[in-house]
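The structure appears right after this line, and notes come after that.
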Amino acid sequence: MPTNLPPLCLTITVNGQKRQDWIIPDMTLLHYLRDICGLFGTKKACGAGECGACTVLLNGRPVYSCITLAAQAMDCQVETIEGLGQDGKLHPIQEAFLECGAVQCGFCTPGIILTAKAFLERNHHPSDQEIRQALAGNLCRCTGYVQILEAVKLAAEKMYGKEA
């Protein structure tokens, strides 16, 4: 459906890099990240905010990029899976997912990892139930979630040490 609205200059910081791009006002954040920024780690799946595969962090909070307009991210910070590791090293959450075998097909993994990152920044020593609740908006068809729960617990340990 074509829009009659004029283009909008989006000012945004993506993975630490400030950008200015012309977009159509009804472009989703998902399409902006994939089509304009060339960041394909953010997955296009349901398109309705139901599965969590497109989850990115917007000012540190998980959002479904398929139902978030790019214009809503004006002057905001967006973090995608491509921005998680630093200096060629994996983030502790990424390491934990590999060590625990929490990656099967990998399609849901970027969204789950980013959701886990935001969650672990708020809760350094979560229970299994708290992890389940935090990841409830991210669907995985392959793992059965056991390895994902173990990976989040291991990531918390790697990031914050053992619970006292």
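The residues of the chain are indexed from 1 along the displayed sequence. What you see is a predicted model; the values in this text were computed from it and never measured.
Contact of the R132 side chain with the D128 side chain is registered, since non-hydrogen atoms from C-beta on lie closer than 4.5 Å. Residues L135 and I112 meet the side-chain proximity criterion, which asks for heavy atoms closer than 4.5 Å. Inter-residue side-chain proximity for L10 and M74 is flagged as met; some heavy-atom pair is nearer than 4.5 Å. In this structure the side chain of R19 reaches within 4.5 angstrom of the side chain of I36, judged on heavy atoms. Two residues are said to be in side-chain contact when any heavy atoms from C-beta on lie closer than 4.5 Å; K158 and E99 meet this criterion. A heavy-atom distance below 4.5 Å is found between the side chains of L139 and Y145. A 4.5 Å side-chain heavy-atom check between L5 and I24 finds every atom pair outside the cut-off.
The heavy-atom pair separating L154 from C100 by the smallest distance is CD2-SG, 3.8 Å. Taking every heavy atom of both residues into account, S65 and C54 meet most closely at OG-O, 2.7 Å. Shortest non-hydrogen contact noted between Y64 and G137 is OH-O, 3.1 Å. Between C76 and Q72 the shortest heavy-atom distance is SG-O, 4.1 Å. Nearest approach of A155 to A96, heavy atoms of both residues: N-CB, 3.6 Å. Counting all heavy atoms, side chain and backbone alike, A151 lies closest to A102 at CB-CB, 3.9 Å.
Between atom SG of residue C9 and atom CH2 of residue W22 there is a gap of 5.0 Å, rounded to the nearest 0.5 Å. Taken to the nearest 0.5 Å, the OG1 atom of T109 stands 11.0 Å off from the CG atom of L114. How far CD of Q17 is from SG of C37: 11.0 Å, rounded to the nearest 0.5 Å. Residue L29 holds its CG atom at 12.5 Å from CZ of R34, rounded to the nearest 0.5 Å. Rounded to the nearest 0.5 angstrom, I131 CD1 and F119 CZ are separated by 6.0 Å. With values rounded to the nearest 0.5 angstrom, D75 atom CG is found 5.5 Å from T11 atom OG1.
A side-chain donor-acceptor contact under 3.5 Å links Q86 to the backbone of G83.
Considering V63, T68, L33, L57 as possible partners of V78, the one that fulfils the side-chain contact (heavy atoms from CB on, under 4.5 Å) test is L33.
Side-chain N/O atoms of E82 and T80 include a donor and acceptor closer than 3.5 Å. Residues T13 and Q77 have side chains that never bring a donor and an acceptor to within less than 3.5 angstrom of each other. N138 and T115 share a side-chain donor-acceptor pair at under 3.5 Å. For the residue pair N15/E79, the side-chain donor-acceptor check at 3.5 Å is not satisfied.
Under a 4.0 Å N-O distance rule, the pair R122/E130 does not qualify as a salt bridge. For E157 and K153, the salt-bridge test fails: no basic side-chain N is under 4.0 Å from an acidic carboxylate O.
Ring orientation note: the planes of H125 and Y160 are nearly perpendicular, at an angle over 60° on the 30°/60° scale.
Following chains of ILVMFWY side-chain contacts shorter than 4.5 Å, one can reach L149 starting from F97, so the two form part of one hydrophobic cluster. L30 and L8 are members of different hydrophobic clusters when ILVMFWY side chains are connected at heavy-atom separations under 4.5 Å. Hydrophobic clustering (ILVMFWY, side-chain heavy atoms < 4.5 Å, transitive): M27 and L58 are in one cluster. Under the 4.5 Å side-chain heavy-atom criterion for grouping Ile, Leu, Val, Met, Phe, Trp and Tyr, I12 is connected to L39 within one hydrophobic cluster. V103 and L120 fall within a single hydrophobic cluster, where Ile, Leu, Val, Met, Phe, Trp and Tyr are joined by side-chain heavy atoms under 4.5 Å apart, directly or via other members.
Within 6.0 Å of the CD atom in E121, the count of heavy atoms belonging to other residues, nucleotides or ligands exceeds 12.
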Review item, side-chain donor-acceptor pairs of residues 87-94, under 3.5 Å, at least two apart:
residue : atom : partner : partner atom : Å
H91     : ND1  : I93     : N            : 3.0
Q94     : OE1  : H91     : N            : 2.8

Yes or no on side-chain contact (heavy atoms from CB on, under 4.5 Å) for V14 and Y32, after CA distance, side-chain angles and deciding distance? CA-CA 11 Å; V14 178; Y32 171 76; 4.2 Å; yes

